[in-house]
2 protein chains.
Amino acid sequence: MTPNPVQAPDVFRAIADPTRRAILGLLAEQALSVGDVAERFEMSRPAVAKHLKVLSDGGLVEVEVRGRSRINRLNAAPLADIAGWLARFEGFWDDKLTALKQEVEGENDQ
Amino acid sequence: MTPNPVQAPDVFRAIADPTRRAILGLLAEQALSVGDVAERFEMSRPAVAKHLKVLSDGGLVEVEVRGRSRINRLNAAPLADIAGWLARFEGFWDDKLTALKQEVEGENDQ
DNA sequence: TATAAAAGAAACCAAATGGTTTCATATTGG
DNA sequence: CCAATATGAAACCATTTGGTTTCTTTTATA
């Protein structure tokens, strides 16, 4: 009967949009109110508020109601779902990119 | 001249759809023709073909034309872009989830 | 050489997405 | 208390998305 469709909060969908990824980048630096986030983008506040809703539906943003403003705070934990999914494919990355990745990680031998 | 606008092949968008993620999982096991992929899903072949196009636009699938059939092969390399983006946030993951991720990674060999 | 198989292409559709503007509500400060 | 502030909510819109069906083209093969 599939009793609870419940709409799996889709973190993959949440990060699909570049604006939302930029918002996450902002929130990684500091928690911000809706208005403060909106100031940094060339779109209306309601548009930004919708993006924030998608992000909080995906569990990536937590909202602290503080008087008349809502403070949006990054919760990166759900990104682990994506990392977990990616891990399946790590064996398929080609040598060049594996090397690049290792360089980035500071593991430069040979 | 900005010679090649080239439409940044959006790998984030490519993996946003669960059907497309499932297709990538299939192709990780073996390269498949369009029809072979479509057989595994409860949707029409053209629908699957469209998903494959999004994946190849995102660089995640390479097509080898072989007679009248097109063999679709996983190219996981662009997933490194996602891994790179994720790396920014690794400092924000809590210990429990880091442990979970490592567990998932360990399952690969079994 | 017909015919069947594999896929592409096009037209179409409903729903979701990403944006807008306008209005309503709650909270704070003077 | 009243005005300004911060946000939510609703209505609306255009485009994209994810799917369909139907038709065409290409290629292999009996």
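Hydrogens, waters and symmetry mates play no part in the numbers below; they use all other heavy atoms, side chains included. Labels below follow one simple rule: chain letters A, B, ... track the order of the sequence lines, proteins then strands, and each chain is numbered from 1.
Within the nucleic acid shown, B/Ser44 comes within 4.0 Å of at least one base atom, counting heavy atoms only. Counting non-hydrogen atoms under 4.0 angstrom, A/Arg66 reaches nothing in the nucleic acid.
Atom NE2 in B/His51 sits about 17 Å away from atom C1' in C/dA7, given to the nearest Å. Regarding B/Leu52, its CG atom lies at a distance of 16 Å from the P atom of C/dA6, rounded to whole Å. In this structure, A/Phe12 places its CZ atom 16 Å from P of C/dT17, rounding to the nearest Å. Atom pair B/Asp17:CG and D/dG19:P shows a separation of 6 Å (rounding to whole Å applied). Straight-line distance from the CG atom of B/Leu55 to the P atom of D/dT17: 13 Å, rounded to whole Å. A/Asn72 places its CG atom 8 Å from the P atom of D/dT7, with the value rounded to the nearest Å. Rounded to an integer number of Å, the gap from CD1 of B/Ile15 to P of D/dG18 is 13 Å. One can place CG of B/Asp36 at 10 Å from C1' of C/dA6, the figure rounded to the nearest angstrom.
Residues A/Lys50 and A/Gly67 each lie close to DNA chain C; by heavy-atom proximity, the contact nearer the 5' end of the strand is made by A/Lys50. For A/Met43 and A/Val65, each mapped to the nucleotide of DNA chain C holding its nearest heavy atom, the one lying further toward the 5' end belongs to A/Met43.
For A/Ser69, no side-chain nitrogen or oxygen approaches OP1 or OP2 of C/dT27 to under 4.0 Å. The shortest distance between the side-chain N/O atoms of A/Arg13 and the OP1/OP2 oxygens of C/dG18 is below 4.0 Å.
For the side chain to side chain contact (heavy atoms under 4.5 Å, CB included) criterion with B/Val48, the lone passing option out of B/Asp36, B/Thr19, B/Val37 is B/Val37.
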In sequence, state the C-alpha distance, the side-chain angles, and the governing distance for B/Glu64 and B/Arg70, and then conclude on salt bridge (charged side-chain N to carboxylate O under 4.0 Å, His left out).
-> CA-CA 6 Å; B/Glu64 173 198 352; B/Arg70 269 73 170 171; over 6 Å; no
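Judged by distance alone, with hydrogens and angles left aside, A/Arg68 brings a side-chain donor or acceptor within reach of the base of D/dT5, the pair sitting under 3.5 Å. The base of C/dA7 is paired with the side chain of B/Arg45 by a donor and an acceptor separated by under 3.5 Å.
A salt bridge is defined here as a Lys NZ or Arg NE, NH1 or NH2 lying under 4.0 Å from an Asp or Glu carboxylate O, and A/Arg21 with A/Asp17 fails to meet this definition.
The closest side-chain heavy-atom distance from A/Phe92 to B/Asn75 is not below 4.5 Å.
With hydrogens and angles ignored, the 3.5 Å screen pairs no side-chain donor or acceptor of A/Asn72 with any backbone N or O of A/Val63.
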